[in-house]
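Below, chain A is the first sequence line, B the second, and so on; all start at residue 1. Quick note: numbers below take in every heavy atom, side chains included, and nothing from hydrogens, waters or symmetry partners.
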Amino acid sequence: MSAAVTATYTADEMMAVAASRRLTDDNVCFVGIGLPSLAANLARHTHAPGCVLIYESGTIGAKPVELPLSIGDGELAETADAVVSVPEIFSYWLQSGRIDVGFLGAAQIDRHGNLNSTVIGPYEAPAVRLPGGGGAPEIALGVEHVFVLLRHSPRAFVEQLDFTTSLGDNLRVVITDLGLLERRDGELALVAVHPGVEVGDVLAATGWDLLVADDLGETEPPTDAELDALRALRTKGGG
Amino acid sequence: MSAAVTATYTADEMMAVAASRRLTDDNVCFVGIGLPSLAANLARHTHAPGCVLIYESGTIGAKPVELPLSIGDGELAETADAVVSVPEIFSYWLQSGRIDVGFLGAAQIDRHGNLNSTVIGPYEAPAVRLPGGGGAPEIALGVEHVFVLLRHSPRAFVEQLDFTTSLGDNLRVVITDLGLLERRDGELALVAVHPGVEVGDVLAATGWDLLVADDLGETEPPTDAELDALRALRTKGGG
Amino acid sequence: MATIAPLCDAVAEHVRDGDVVALEGFTHLIPHAAGHELIRQERRDLTLVRMTPDIVYDQLIGMGCAQKLVFSWGGNPGVGSLHRFRDAVEHGWPAPLELEEHSHAGMAAAYAAGAANLPFGVLRGYRGGDLPSRTRVERVTCPFTGEELAAVPAHRPDVGIIHAQQADRRGNVQLWGITGVQKEAVLASKRAIATVEEMVDELEPRPGCLVLPGWVLDAVCLAPHGAHPSYAHGYYERDNGFYVAWDEISRDRDTFLAWMRRHVVETADVESYRASLAEAVPA
Amino acid sequence: MATIAPLCDAVAEHVRDGDVVALEGFTHLIPHAAGHELIRQERRDLTLVRMTPDIVYDQLIGMGCAQKLVFSWGGNPGVGSLHRFRDAVEHGWPAPLELEEHSHAGMAAAYAAGAANLPFGVLRGYRGGDLPSRTRVERVTCPFTGEELAAVPAHRPDVGIIHAQQADRRGNVQLWGITGVQKEAVLASKRAIATVEEMVDELEPRPGCLVLPGWVLDAVCLAPHGAHPSYAHGYYERDNGFYVAWDEISRDRDTFLAWMRRHVVETADVESYRASLAEAVPA
């Protein structure tokens with residue numbers, strides 16, 4: 001179903017590359033572990049060496065050589081310009097509006113870009129208790145540009161969230177394993193598909209009638225340079 | 001008039017010694033520059049080696065060998081257990097109630113132990129503009145025991161303050177160059193005179209009808225050990 | 001003033017059934033040894049506070065020590081779910097778990113307010129969404145601008161517990177690397193315990209170090225490797241394999257209980273805990 | 001992103017007449033060189049913010065740069081009065097000086113609120129006495145406990161100016177020793193300038209160091225001895241003799257003006273300022 005089947009790169013790699021391309025050299029980026037960390041560090045190692053990475057553990061300007069496995073790896077502290085307390089990261093740095101990009105993931109997203117990372121089912125008696133919001137609710141409203149990384153499936157892209165953890169107001173793009181979604185007239189629309197992905201694949205993997213942009217494009221496949229940098233990072237662990 | 005005239009020690013030395021005697025080994029003490037710093041360090045070098053000194057510049061557990069000339073001397077940072085920011089000193093350390101003793105000075109004091117360090121004359125058109133409250137207003141209410149160090153004179157011990165900068169609620173003792181004042185039924189009363197000082201000297205130097213405690217005592221003169229420690233500190237500068 | 005004491009004595013003296021207890025650590029320096037001692041001493045009805053409850057809280061919950069969890073993110077970092085936490089919330093096993101759920105920013109503000117002896121913390125947060133209706137948050141209005149902001153009640157745990165790299169003989173404690181919210185957790189708490197990797201004669205100041213004077217702590221306990229499977233910057237690495245393994249160990253109730261019995265309940269301290277792990281996984 | 005620039009250019013570009021300017025430093029690292037540049041460029045109608053205005057603020061006030069002072073303690077530490085400050089308040093010379101007076105705790109809370117992008121700071125303070133009726137303070141009620149606390153409006157200066165020991169080529173700035181309220185002053189301000197003792201290729205992390213990334217600063221300026229007569233930990237000592245001498249220099253208006261002309265107005269930078277002092281006091 002996803003591009004990974006046919007291509008010489010995986011769907012996760014396509015996601016990471018597509019996400020990294022959204023970062024510019026002067027971004028200050030609030031990064032979570034996993035794909036966001038992979039994407040942000042890929043950007044640092046390719047077109048955006050000046051991009052500042054901030055992890056909620058308090059590391060400002062971290063430049064990990066090896067990808068961190070956890071938000072608080074020692075590597076992050078050792079390579080950071082500054083390490084501050086967790087209360088300070090959320091008050092002086094995030095709340096102050098000094099961070100312009102934030103990556104978020106979620107278990108569910110709706111057509112307005114609102115996110116659920118709290119529960120599946122009713123809050124009082126959930127079918128699945130998820131980890132919870134963590135930094136997401138304030139990141140979602142505290143940065144100018146929210147990038148969401150989320151694999152496409154009808155269980156994730158739902159008509160109705162079971163719980164609204166974070167608001168989609170500042171969401172700029174949703175990067176999935178199938179394509180890219182952006183807001184059109186306040187509602188998420190498919191604006192690009194990854195190479196080898198049919199629009200039908202995306203519609204089938206979305207739990208609501210997904211708008212498709214008139215100017216639908218196709219994502220540039222990862223370049224060799226991007227894949228080399230990406231795989232060099234991954235072999236160093238994590239991602 | 002003051003003890004300094006006849007004794008082999010100065011009135012300031014008597015004040016510093018009398019103040020140092022009020023500190024115990026388990027006190028955590030908020031210290032200002034000048035006599036309070038001299039008194040607190042004297043205590044550390046004599047009967048209260050464990051007394052913790054905190055300066056508002058952010059130095060916690062400072063152990064200056066040389067007396068600091070300013071609240072922020074490098075010596076304080078170098079000898080401190082920890083150096084924190086000024087906002088943290090006032091929030092996490094003073095406001096939290098973790099400091100039990102605070103020394104204050106002032107330009108004026110009234111019979112209730114309220115202090116003025118703001119203006120002489122009306123606020124809008126003062127005859128003398130004083131430096132202002134600094135840390136005093138919150139120290140006065142934030143520590144359990146306020147010790148005031150103030151030289152006796154009718155200009156300082158007044159019937160009516162020109163401005164109330166800090167409240168006397170937690171004032172435990174006023175140490176002057178003539179004697180000691182403590183609260184009796186809510187009003188300051190003379191409880192001890194320094195050696196060679198007559199009660200009449202104190203009354204003449206006080207701008208209100210000063211109560212004299214029935215159990216009026218006389219301050220023990222400085223011991224040789226106290227004077228030696230004190231002068232060793234002073235020769236190292238400041239105080 | 002801190003007494004240098006064995007961990008078992010410190011827990012026995014300072015942590016009581018029904019206490020509100022915060023074992024803090026932001027992926028680094030997580031006080032696992034202290035958590036294990038709470039389990040060995042069978043503390044009950046604890047309200048557990050932590051921004052990022054992970055394996056040690058999963059263990060405390062699964063062993064029935066907790067009646068309430070105050071938190072903002074409860075997962076196995078980089079791995080997935082906390083199965084014991086989920087089982088308690090989803091199925092009430094071994095007991096129902098009451099939740100007071102915040103965002104990280106809210107938890108951080110609540111700790112900072114507690115450390116500053118303020119009854120509430122103010123932040124720009126809890127705007128919209130369903131979380132505000134599920135947690136303790138109110139609105140306050142700025143008396144100067146009229147702006148509305150969120151207020152969270154200060155955290156004032158009965159006991160704050162952290163793990164640090166070093167302590168000196170006077171009980172002054174030093175940690176460095178990622179120091180998270182540990183200062184606030186200690187200063188916000190009525191009583192505080194620190195476990196440390198090492199006792200030294202003199203603390204040598206280091207870049208980024210955080211020093212907590214002995215007089216703000218009640219007990220300092222030597223517990224080398226007391227953060228395992230978390231890490232201690234400058235001492236040992238994070239045991240990432242254990243975090244992955246925990247997913248299997250904790251998935252099934254009986255497997256979990258057997259593991260806890262063998263490696264925690266029936267061990268006396270960090271040393272025997274680690275010895276039991278070494279036996280279990282022969283090199 | 002910080003540009004590395006000459007101090008005169010940075011002041012010309014970032015500080016305008018009528019601005020609210022905070023030159024911070026708690027006895028250590030006081031940005032005297034930057035203050036002198038404000039005087040040379042004849043900035044007017046400034047609102048000067050600082051917890052502990054001392055000599056450099058006395059100079060700015062006496063030279064007519066300030067129309068308002070927001071402060072908590074204005075004196076010559078260890079010496080006595082600031083005569084120019086007093087003359088302005090007591091006699092309106094060279095111009096009347098409006099005062100917004102706080103306590104240290106209030107100023108610190110106002111800076112911290114500004115740095116956190118909150119409109120107000122909360123503290124236990126301003127209880128009783130005459131200060132509350134003379135400053136900007138309101139009461140807020142805790143929505144959880146009903147307790148009343150003080151609220152101060154956040155400081156949001158147009159320009160924050162600090163002096164630090166070192167900067168690297170990317171404009172990252174590092175200070176150590178007593179770091180006071182400098183981080184808050186920079187982060188609370190719309191624009192920020194740092195003067196430094198030294199430019200280095202790589203900042204070497206040190207115990208107790210505070211690093212401000214270049215991207216939170218607008219300009220970084222090399223100004224060796226730029227804190228004189230204050231000190232720079234690790235570089236030079238506090239010039240206590242100058243603080244004592246200032247009492248005499250500043251007592252009389254004409255003596256003050258003559259001194260300022262010779263040593264500040266007619267000098268170009270820190271180097272020539274120091275040279276002029278050396279001439280004045282031949283060894």
Side-chain angles (χ1 to χ4, degrees), chain A residues 33-34 55-59 68-74 76-78 80 82-91 94-97 114-119 121 123-142 161-169 237-238, chain C residues 25-29 51-53 71-78 80-82 85-90 99 101-109 111-112 115 121 123-131 133-134 176-184 207-208 210 230-231 233-234 237-238 240 243:
Chain A
I33 285 305
Y55 292 79
E56 64 191 10
S57 53
T59 53
L69 292 177
S70 92
I71 205 84
D73 274 17
L76 295 176
E78 282 158 2
V83 181
V84 303
S85 75
V86 166
E88 184 181 319
I89 271 290
F90 283 98
S91 59
L94 177 61
Q95 183 171 267
S96 65
N114 298 318
L115 303 171
N116 171 21
S117 49
T118 304
V119 285
Y123 186 84
E124 296 295 2
V128 180
R129 172 65 227 199
L130 303 163
E138 282 77 24
I139 294 169
L141 295 179
L161 298 179
D162 291 3
F163 190 96
T164 302
T165 309
S166 311
L167 298 182
D169 305 31
Chain C
F26 208 87
T27 70
H28 179 215
L29 293 173
M51 292 183 69
T52 53
F71 77 112
S72 41
W73 191 88
N76 183 340
S81 288
L82 291 177
F85 162 60
R86 283 188 55 182
D87 202 11
V89 175
E90 295 168 14
L99 298 183
E101 185 161 5
H102 288 279
S103 65
H104 277 350
M107 286 287 285
Y111 270 123
L123 71 153
R124 298 184 182 278
Y126 299 93
R127 284 173 288 176
D130 294 328
L131 191 54
S133 65
R134 293 294 183 177
W176 64 90
I178 287 165
T179 54
V181 71
Q182 281 95 311
K183 176 186 278 187
E184 286 76 14
L210 160 60
S230 173
Y231 70 105
H233 200 128
E237 297 284 307
R238 188 170 188 266
N240 293 309
Y243 280 82

Decide side-chain contact (heavy atoms from CB on, under 4.5 Å) for C/Leu131 and A/Thr118; before the verdict, give the C-alpha distance in whole Å, the side-chain angles of both, and the deciding distance to 0.1 Å.
-> CA-CA 9 Å; C/Leu131 191 54; A/Thr118 304; 5.7 Å; no

Stepwise side-chain contact (heavy atoms from CB on, under 4.5 Å) test for C/Met107 and A/Phe90 = CA-CA 10 Å; C/Met107 286 287 285; A/Phe90 283 98; over 6 Å; no

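Most heavy-atom pairs under 4.5 Å with chain A: of the set C/Arg86, C/Arg134, C/Arg238, C/Gln182, this distinction falls to C/Arg134. Per-residue counts of heavy-atom pairs under 4.5 Å with chain C were compared for A/Gly135, A/Gly133, A/Ala82; the largest is that of A/Gly135. Comparing C/Thr179, C/Leu123, C/Leu82 by heavy-atom pairs within less than 4.5 Å of chain A, the highest count is held by C/Leu123. Ranking C/Gly75, C/Gly180, C/Gly125 against chain A, the residue ahead of the rest is C/Gly180, based on heavy-atom pairs under 4.5 Å. Ranking A/Ala127, A/Ala80, A/Gly121, A/Ala125 against chain C, the residue ahead of the rest is A/Ala127, based on heavy-atom pairs under 4.5 Å. Here A/Pro87 is the residue among A/Ser85, A/Ser117, A/Pro87, A/Ala77 with the most heavy-atom pairs under 4.5 Å with chain C. Of the listed residues (C/Trp176, C/Phe71, C/Tyr243, C/Tyr111), the one with the most heavy-atom contacts under 4.5 Å to chain A is C/Phe71.
Pairing each heavy atom of A/Leu167 with each of C/Arg127, the nearest pair is CD1-O, 3.3 Å. Minimum interatomic distance between A/Glu78 and C/His233 (heavy atoms only, all atoms of both residues): OE2-NE2, 3.2 Å. When all heavy atoms of C/Val89 and A/Pro126 are compared, the closest pair comes out as CG1-CG, 3.8 Å.
Residues C/His104 and A/Ile89 fail the side-chain proximity criterion, which asks for heavy atoms closer than 4.5 Å. Counting heavy atoms from C-beta on, the side chains of A/Tyr123 and C/Leu99 come closer than 4.5 Å.
Using a 4.5 Å cut-off between heavy atoms, C/Tyr126 contacts chain A through both its backbone and its side chain. Contact annotation for A/Val84: neither backbone nor side-chain heavy atoms come within less than 4.5 Å of a heavy atom of chain C. Heavy atoms of A/Leu94 lying under 4.5 Å from chain C are absent altogether. Of the atoms belonging to C/Ala105, heavy atoms from both backbone and side chain fall under 4.5 Å from chain A.
In this structure, NE2 on C/His28 lies 12.0 Å from CG on A/Leu76, to the nearest 0.5 angstrom. Taken to the nearest 0.5 Å, the CE atom of C/Met51 stands 7.0 Å off from the CD atom of A/Glu56. With values rounded to the nearest 0.5 angstrom, C/Glu184 atom CD is found 9.5 Å from A/Glu88 atom CD.
Side-chain atoms of A/Glu138 do not come within 3.5 Å of backbone N or O of C/Arg124 as any donor-acceptor pair.
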